[in-house]
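Computation of the quantities below employed the complete heavy-atom set of this structure, encompassing side-chain atoms and omitting hydrogens, waters and symmetry-equivalent molecules. Source: prediction; values computed, not measured. Positions are given from 1 along the sequence.
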Amino acid sequence: MKKGIVQTPSGRQYHWPDPKRYGNGQISNGTQVKNYPVQGYGNDLVQLSCIRAHRRFQELGLNSLIILTVHDSIVVDTHPDETDAVNDALTWAMTGVLDEVRERWEHESCLPLAIEIESGPNWLI
């Protein structure tokens, strides 16, 4: 944290006004300050994955739609005939997102990404 500002690799910033350092080395809002870069970066990856998936859906002429993100999940309303194509497009979008991060934000991630794809008749199942 520099001058009360925390930044994700994408450049998104959050400002904590007047942070205070306590005698034990802790800072005010310490949990939020520490979590923001991780959670903000995770959100950046999900949003960029959505963009990549949407573009791939368009390239393939799919009728399926991305309808929602929940934390680190992407929810897709999948046309019944497109399940395999949607799974392939999502896998491509999400596993390749770190390559795009490297190009866009010149950030090298040291952690591998793992993805899980599940499907059901509705979001609850």
Side-chain angles (χ1 to χ4, degrees):
M1 183 168 75
K2 185 177 183 181
K3 297 181 183 178
I5 297 173
V6 175
Q7 182 171 315
T8 67
S10 69
R12 186 176 4 165
Q13 296 181 344
Y14 193 84
H15 177 70
W16 275 272
D18 303 320
K20 294 175 182 64
R21 185 167 299 276
Y22 301 115
N24 63 2
Q26 297 293 320
I27 58 171
S28 58
N29 299 322
T31 301
Q32 293 91 342
V33 171
K34 291 173 189 170
N35 284 339
Y36 181 81
V38 174
Q39 291 185 356
Y41 182 51
N43 184 45
D44 292 341
L45 294 178
V46 170
Q47 299 305 313
L48 191 53
S49 293
C50 283
I51 293 167
R52 290 170 53 84
H54 176 72
R55 288 180 181 157
R56 183 54 62 108
F57 287 9
Q58 287 181 323
E59 288 171 6
L60 298 173
L62 301 180
N63 294 309
S64 300
L65 299 171
I66 297 170
I67 59 169
L68 182 66
T69 62
V70 180
H71 301 291
D72 59 354
S73 299
I74 300 171
V75 180
V76 178
D77 186 7
T78 305
H79 189 275
D81 298 333
E82 298 178 349
T83 301
D84 291 338
V86 166
N87 289 348
D88 290 345
L90 287 172
T91 299
W92 173 85
M94 296 172 81
T95 57
V97 74
L98 293 180
D99 294 332
E100 190 152 342
V101 165
R102 189 178 310 110
E103 290 173 22
R104 281 179 180 249
W105 303 323
E106 298 177 356
H107 176 75
E108 189 69 42
S109 181
C110 60
L111 300 175
L113 290 181
I115 66 167
E116 294 177 12
I117 296 178
E118 297 180 24
S119 61
N122 61 53
W123 188 26
L124 300 175
I125 299 176

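Contact of the Ser119 side chain with the Thr78 side chain is not registered, since no non-hydrogen atoms from C-beta on lie closer than 4.5 Å. A heavy-atom distance below 4.5 Å is not found between the side chains of Val101 and Ser109. Using a 4.5 Å cut-off on side-chain heavy atoms (C-beta onward), His79 and Leu62 make no contact.
Ile51 is not connected to Val76 by any chain of hydrophobic side-chain contacts under 4.5 Å among Ile, Leu, Val, Met, Phe, Trp and Tyr, and they are in different clusters.
Nearest approach of Ser73 to Val46, heavy atoms of both residues: O-CG1, 4.5 Å. Minimum heavy-atom separation, Ile66 to Cys50: CD1-O, 3.5 Å. In plain terms, the two heavy atoms of Ala93 and Ser49 that are nearest each other are CB-O, 3.6 Å. Between Pro37 and Thr8 the shortest heavy-atom distance is O-CG2, 4.1 Å.
Gln39 meets the side-chain hydrogen bond (donor to acceptor under 3.5 Å, both in side chains) test with no other residue; sequence neighbours excluded. Applying the side-chain hydrogen bond (donor to acceptor under 3.5 Å, both in side chains) test to Gln26 and every residue at least two apart in sequence or in another chain returns nothing. Contacts of His107 classified as ring pair (Phe, Tyr, Trp, His ring centres under 6.0 Å), with partners at least two apart in sequence or in another chain: Tyr41. Looking at residues two or more places apart in sequence or on another chain, you find no side-chain hydrogen bond (donor to acceptor under 3.5 Å, both in side chains) involving Asp77. For Asn122, the side chain to side chain contact (heavy atoms under 4.5 Å, CB included) partners at least two apart in sequence or on another chain are Leu124, Ile125. Remark: Leu65 pairs with Ile67 by the side chain to side chain contact (heavy atoms under 4.5 Å, CB included) rule, at least two apart or across chains. Residues meeting the side-chain hydrogen bond (donor to acceptor under 3.5 Å, both in side chains) test with Glu59, sequence neighbours left out: Arg56. Take Phe57 and apply the ring pair (Phe, Tyr, Trp, His ring centres under 6.0 Å) test, not counting sequence neighbours, and it matches no residue.
Applying the salt bridge (Lys or Arg N to Asp or Glu O under 4.0 Å) rule to pairs touching residues 22-42 yields nothing, sequence neighbours excluded. Among pairs with a residue in residues 92-105, those fulfilling side-chain hydrogen bond (donor to acceptor under 3.5 Å, both in side chains) read Arg52-Glu100, Asp99-Arg102, Glu100-Arg104, Arg102-Glu108, at least two apart in sequence or across chains.
Other residues sharing the hydrophobic cluster of Val38, ordered by chain and number and joined by side-chain separations under 4.5 Å: none, the residue standing alone. Clustering of Ile, Leu, Val, Met, Phe, Trp and Tyr side chains at separations under 4.5 Å leaves Leu111 isolated, with no partner residue.
Remark: of the listed residues His54, Gln47, Met94, Met94 is the sole one forming a side-chain contact (heavy atoms from CB on, under 4.5 Å) with Ile74.
Considering CD of Glu116 and OG1 of Thr91, their distance stands at 11.5 Å, rounded to 0.5 Å. Atoms CG and CD1, on Leu90 and Ile117 in that order, are 5.0 Å from each other to the nearest 0.5 Å. Between the CG atom in Asp72 and the CG atom in Leu45 there is a gap of 10.0 Å [rounded to 0.5 Å]. Distance NE2/His15 to OH/Tyr36: 13.0 Å, rounded to 0.5 Å.
Surrounding CD of Glu118 are at most 12 heavy atoms belonging to other residues, nucleotides or ligands under 6.0 Å away.
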Residues Arg12, Asn43; criterion side chain to side chain contact (heavy atoms under 4.5 Å, CB included); working and verdict: CA-CA 11 Å; Arg12 186 176 4 165; Asn43 184 45; 3.2 Å; yes
